[in-house]
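Atoms within each ligand, like the ligands themselves, are counted from 1 in listed order. As a basis for the values below, the full set of heavy atoms in this structure was taken, side chains included, without hydrogen atoms, waters or symmetry mates. Positions are given from 1 along the sequence.
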Amino acid sequence: MRVLAIESSCDETAAAIVEDGRTLRSSVVASQVAHHEATGGVVPEVASRQHVAAIVPVVDRALAESDSRPTDIDLVAATNGPGLAGSLLVGLSAAKALAWAWNAPFLGVNHLVGHIYANWLGAQEPVLPAVCLVVSGGHTELIWMEKHLSFTSLGRTRDDAAGEAFDKVARILDLGYPGGPAIERTAATVDQSGAIVLPRAWLEGSWDFSFSGLKTAVMRLVAEEGPPPALVARGFQDAVVEVLARKTVAAADTLGAKSILLAGGVAANSALRSAVREMSRRPCLAPSPPLCTDNAAMIAAAACFLARSGHSDDLSVDAFPSLDLPDARSLRDPPRVPRWRSLSVRRR
Ligand code: KG4
Ligand code: ZN
């Protein structure tokens with residue numbers, strides 16, 4: 001099954017072609033970073049207009065690079081949420097128009113499900129059940145994935161998303177936009193961890209996360225003491241990575257997961273990837289960095305698994321800016337939560 005997918009939920013206009021949910025034929029991403037650098041973040045109206053300008057050339061390139069003609073496409077898919085309403089509508093409308101013109105079936109795909117399914121585009125096929133950590137600019141959630149397309153939320157952020165914290169701290173340190181890669185590069189110039197130790201919000205008794213206190217601690221430290229930005233970046237990254245990695249690995253141990261899947265833009269962070277791999281004996285998969293950040297290949301992969309399991313949509317599918325993970329009900333009996341503080345003390 002050859003799927004053409006479009007992703008336009010935030011500030012990347014993307015189209016991709018994936019075969020049978022696992023084989024990447026082409027993935028084209030037109031980044032709007034240059035347009036949002038000046039404002040230090042995405043202005044929704046600017047993003048929508050850029051999507052309109054980029055969508056047709058991006059789709060054309062995805063078709064050409066995969067050597068596909070419209071008659072080769074078995075299914076057209078697009079992200080229909082969560083995301084910015086105006087941005088979502090551009091990609092969704094374009095995908096519906098193509099499906100109608102080509103007489104192909106159409107599927108709307110949840111962006112977060114897409115991030116998780118980027119893991120199926122790697123060389124190693126993920127084994128389920130798995131614990132997934134979705135960490136992006138808009139979301140931070142720990143998920144139990146028992147079987148395909150079955151998601152149970154274990155915990156999520158109570159305030160800022162992890163990526164949002166990276167972006168805000170990069171702004172405080174004047175490191176540029178987007179902040180995640182800038183923090184990672186700057187932190188990598190410091191070899192020793194522990195020069196600056198910032199607070200970790202363990203949230204005893206819960207699988208949830210919180211990053212706003214850490215952001216405030218950075219703000220205060222910079223204003224009061226003004227240490228070198230690289231030390232602050234390293235201290236901040238160490239704090240975020242330790243909490244994310246420890247909770248993810250503990251959830252996998254507690255639930256007996258067969259693997260750990262990282263997903264979303266922050267999963268591109270190599271400190272996070274190595275921390276989880278070091279702490280866990282289970283296979284820990286993460287998409288290649290370009291497939292961690294927003295792209296359409298992950299939407300095509302998810303669409304293929306959705307279609308295989310009998311999902312279908314018609315062209316009346318709408319955009320849902322605050323769409324949640326499908327069926328991500330919280331567990332009635334949540335798995336026992338370890339004592340985080342004792343875990344962190346034992347490591348030091
Ligand atoms: O998944 P994504 O591309 O978009 C959303 O769905 O939000 O994630 C973007 C987020 C941004 O906050 C960005 O700073 C962060 O992912 N990010 C990173 C890295 N690359 C991107 N954070 C930490 N380290 C990175 N290498
Ligand atoms: Zn995303």
Side-chain angles (χ1 to χ4, degrees), residues 5-14 16 27 29-33 36-37 40-42 44 47 78-84 87-88 91 109-119 132-141 156-157 159-173 175-189 209 211 214-215 233-234 236-245 261-276 286-299 301-302 321-325:
I6 293 178
E7 150 65 41
S8 68
S9 64
C10 188
D11 59 344
E12 322 274 14
T13 318
S27 177
V29 181
S31 172
Q32 302 182 0
V33 163
H36 302 301
E37 255 168 353
V42 178
T79 307
N80 72 323
L84 301 169
S87 291
L88 286 167
V109 177
N110 182 308
H111 183 80
L112 305 170
V113 174
H115 271 305
I116 293 170
Y117 272 90
N119 280 290
C132 311
L133 175 70
V134 179
V135 267
S136 69
H139 284 81
T140 296
E141 189 155 1
R156 54 175 70 187
T157 183
D159 38 59
D160 293 352
E164 191 182 349
F166 270 93
D167 293 336
K168 286 178 176 167
V169 167
R171 204 175 312 158
I172 296 169
L173 297 176
L175 296 178
Y177 171 87
I183 298 257
E184 178 172 3
R185 272 193 308 275
T186 311
T189 63
F209 303 98
F211 299 107
L214 175 60
K215 177 193 65 195
R234 177 66 198 252
F236 164 79
Q237 183 176 271
D238 286 351
V240 175
V241 163
E242 186 181 356
V243 174
L244 289 176
L261 308 180
L262 304 182
V266 182
N269 186 281
S270 45
L272 175 64
R273 295 158 84 104
S274 8
V276 176
S288 67
L291 295 179
C292 286
T293 45
D294 287 350
N295 67 86
M298 65 187 199
I299 304 301
S322 43
L323 198 61
D324 222 333
L325 261 180

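Around the Zn ion (ligand 2), the protein contributes the following N, O or S atoms under 2.8 Å, ordered by chain and number: H111 NE2, H115 NE2, D294 OD1.
At distances below 3.5 Å, not a single donor-acceptor pair connects side-chain atoms of E12 with backbone N or O atoms of V29. Remark: side-chain polar atoms of S8 are paired, donor with acceptor, to backbone N or O of G91 under 3.5 angstrom. Checked by atom type and distance alone, the side chain of S87 pairs as donor or acceptor with a backbone atom of C10 at under 3.5 Å.
Heavy atoms of H115 approach ligand 1 to within less than 4.0 angstrom. For G138, the closest heavy-atom approach to ligand 1 falls below 4.0 Å.
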Residue pair F211, L244: steps toward the side-chain contact (heavy atoms from CB on, under 4.5 Å) verdict: CA-CA 11 Å; F211 299 107; L244 289 176; 3.8 Å; yes
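How far CZ of R156 is from CG of D324: 4.5 Å, rounded to the nearest 0.5 Å.
When heavy-atom distances to ligand 1 are checked against a 4.0 Å cut-off, N269 comes that close through both its backbone and its side chain. Proximity of H139 to ligand 1, defined as any heavy-atom pair under 4.0 Å, is not found for any part of the residue. Residue contacts with ligand 1 for H111 involve side-chain atoms from C-beta outward but no N, CA, C or O (heavy atoms, distance under 4.0 Å).
Scanning V169, D167, V241 for the heavy atom closest to atom 14 (O) of ligand 1 points to D167.
Every N/O-N/O distance between G264 and ligand 1 stays at or above 3.5 Å.
In this structure, atom 20 (N) of ligand 1 lies nearest to the protein heavy atom G265 O, 3.4 Å.
Between R171 and D167 there is no salt bridge, since none of the side-chain N atoms of the basic residue sits less than 4.0 Å from a carboxylate O of the acidic one.
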